[in-house]
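Below you'll find the structure, written out as C-alpha cells, and then a few comments.
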Amino acid sequence: MRPFNYSRADSPAAAAAQAAQVEGARFIAGGTNLLDLMKLDIETPLHLIDVNHLGLDQIEATPEGGLRIGALVRNTDLAADARVRKDYALLSRALLAGASGQLRNMATTAGNLLQRTRCPYFYDTHQACNKRNPGSGCAAIGGVSRQLGIIGVSDACIATHPSDMAIAMRALDAQIETVRPDGTTRSIAMADFHQLPGNTPNIETSLTPGEFITSVTLPAPLGGTHVYHKVRDRSSYAFALVSVGLILQKDGSGRVAVGGIAPKPWRVEAAEALLPQGAKAVSARLLDGATPTHDNQFKLTLVERTLGSVLAQARDQA
C-alpha cells in the first residue's frame, strides 16, 4: 500500500473543503470498497478524510412524509429500520440481497452508492481499462464479458454498476443531498446521479470535486407490493447477473428498475406503462438499443424471465 495522509473532519462542509484542497483526497467511512482498491493499487489517494464522526447516522422523517437517511447509516441498520421495512420494503430487500452480514454492518448509505464496478478487467491492473486508466482501452471488449453490461455501455467501457441498494433507490425516486467545498448544498435526483460511460468512463457520478454526500431522501411511501429478486451464480455473496426491483400497484401500474445490465441502475419510465401487457412487452422497451456481447446475450432473455417471475410473485402477494 502506498503512503497517505489521514485527517478527521468536524463537519460535512469542512470535509468537502479539505477534499478540495488536496488533489486525490478521498472520504473514508466503512471502507469496504475503498480499502480493497487501495490494496490492489487501483485507488491511490494521497489523503484520506475520516467522516465517521459527523453524526450523519440517523434516519428521520421529512416534512413531506418521507425519510431522510444519513450518509453514514449502515446498511444493516437501514434494512432493519421498521419504517423502511413497512413503507420501503423494496429498499430493505435489496440491501439484504447484497454482500454479507459483516460487510453490511460496516457499509454506509453513501458508500454503497459510490462503490465502483466489479468488472474483472478493472480489478486487474495488468489489463487495459479506461475506467481505471483513461485512454488505455477496454480489455473487457473482446474479452470474457459474461458478467458485464448490455445496455447504456459504450465503445470505451462495458462495466456494470454493482449496487443492489441503488436499484431500489432508483425505483423509489430518491434524492441525494450534498454539500460543496464552498458550503453550498444541492439535491441530485437518483436518475441523474450515476453517469453513463460515453468517452469518459472514469467519471462515474455527477458529483463535483470535493462534493460530499450528506443524506439520501425518500419521498412519501408509494404503497403497492414490493419485490426484489437477484439472479446470481451462487446464492449469496455474489453480484447480480440480473436483478429486478418492482413496485406494483393494485391497478397494475408500477415501477421497475434493473441491475446487472448497465453502468447505472436501469429504469425506463416508458417501459413501466407497459406493465399491464406483461414482462415481454416491458423488457422489449426496457432493453431497446441493447448491444450485448456473445458472452452476455443471454441477459436479454434473463431480464424478461426474471421480470415475469417477479410480476407473478407480486400479483400473488397482492
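Note that the structure is predicted; figures quoted are calculated from it, not measured. The figures that follow rest on heavy atoms only: side chains count, while hydrogens, waters and symmetry mates do not.
In this structure, L91 and M169 have side chains that are in contact, with non-hydrogen atoms separated by less than 4.5 Å. A 4.5 Å side-chain heavy-atom check between V227 and L248 finds every atom pair outside the cut-off. The shortest side-chain heavy-atom distance between Q21 and H47 does not fall under the 4.5 Å cut-off.
No more than 12 heavy atoms of other residues, nucleotides or ligands lie within 6.0 Å of CZ in R305, so this atom counts as exposed by the packing criterion. By the neighbour-count criterion of 12 heavy atoms within 6.0 Å, atom CD of E269 is densely surrounded, having more than that number from other residues, nucleotides or ligands. Counting heavy-atom neighbours within 6.0 Å of Q249 CD, excluding the residue itself, gives a total above 12. In this structure, Y237 places its OH atom where only 12 or fewer heavy-atom neighbours from other residues, nucleotides or ligands lie under 6.0 Å away. Counting heavy-atom neighbours within 6.0 Å of D295 CG, excluding the residue itself, gives a total above 12. For D155, the CG atom counts as loosely surrounded, since its 6.0 Å shell holds 12 or fewer non-hydrogen atoms of other residues, nucleotides or ligands. Open room surrounds CZ on R85; 12 or fewer heavy atoms of other groups in view lie less than 6.0 Å from it.
L275 and L222 sit in two unconnected hydrophobic clusters of ILVMFWY residues. Membership requires side-chain heavy atoms under 4.5 Å apart, directly or through other members.
Results of the side-chain contact (heavy atoms from CB on, under 4.5 Å) test with I213 over T109, T178, I188, V179 single out T178 as the only residue that passes. Considering R255, R267, R285 in turn, R267 is the only one that fulfils the salt bridge (charged side-chain N to carboxylate O under 4.0 Å, His left out) rule with E272.
Pairing each heavy atom of D251 with each of S253, the nearest pair is OD1-OG, 2.6 Å. In terms of heavy atoms, L246 sits closest to V256 at CD1-CG2, 3.6 Å. When all heavy atoms of D57 and V73 are compared, the closest pair comes out as C-CG2, 3.5 Å.
Side chains of D164 and Y228: a donor on one and an acceptor on the other come within 3.5 Å. In the model, T301 has no side-chain atom that pairs as donor or acceptor with a side-chain atom of E304 under 3.5 Å. For the residue pair S187 / Q175, a side-chain donor-acceptor distance below 3.5 Å is found, with atom types taken as modelled. Between the side chains of N112 and S163, at least one donor-acceptor pair of N or O atoms lies under 3.5 Å.
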Inset, instruction - Would you please test H229 and L307 for side chain to side chain contact (heavy atoms under 4.5 Å, CB included) and show each step? - result: CA-CA 9 Å; H229 187 64; L307 178 57; over 6 Å; no

Inset, instruction - Verify salt bridge (charged side-chain N to carboxylate O under 4.0 Å, His left out) between E204 and K264, making sure each step is shown before the conclusion. - result: CA-CA 9 Å; E204 299 176 354; K264 62 187 293 184; over 6 Å; no

Legend entry - Verdict with supporting geometry, R93 and H226, side chain to side chain contact (heavy atoms under 4.5 Å, CB included): CA-CA 9 Å; R93 291 167 182 168; H226 294 215; 4.1 Å; yes

Inset, instruction - Take L48 and L34, measure what side chain to side chain contact (heavy atoms under 4.5 Å, CB included) needs, and give me the verdict at the end. - result: CA-CA 10 Å; L48 291 184; L34 177 60; 3.9 Å; yes

Inset, instruction - Test M190 against I176 for side chain to side chain contact (heavy atoms under 4.5 Å, CB included), laying out the working first. - result: CA-CA 7 Å; M190 186 66 192; I176 298 164; 3.8 Å; yes

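Not a single donor-acceptor pair under 3.5 Å links the side chain of D41 to the backbone N or O of T125. Checking side-chain atoms of S136 against main-chain N and O of N133 turns up a donor-acceptor pair under 3.5 Å.
Note on D233 versus R146: salt bridge recorded, some NZ/NE/NH1/NH2 to OD/OE distance being below 4.0 Å. With respect to the salt-bridge test (charged N to carboxylate O, under 4.0 angstrom), the residues D182 and R180 do not qualify. Between E177 and R186, no side-chain nitrogen of the basic residue sits less than 4.0 Å from a carboxylate oxygen of the acidic one, so the salt-bridge criterion is not met.
Taken to the nearest 0.5 Å, the CG atom of L54 stands 5.5 Å off from the CG atom of L56. Annotation: the span from S243 atom OG to I167 atom CD1 amounts to 4.5 Å, rounded to 0.5 Å. Taken to the nearest 0.5 Å, the CD atom of Q277 stands 5.0 Å off from the CG atom of L274. Summarising the geometry, atom CG belonging to L103 is positioned 9.5 Å from atom CG belonging to N75; distances are rounded to the nearest 0.5 Å.
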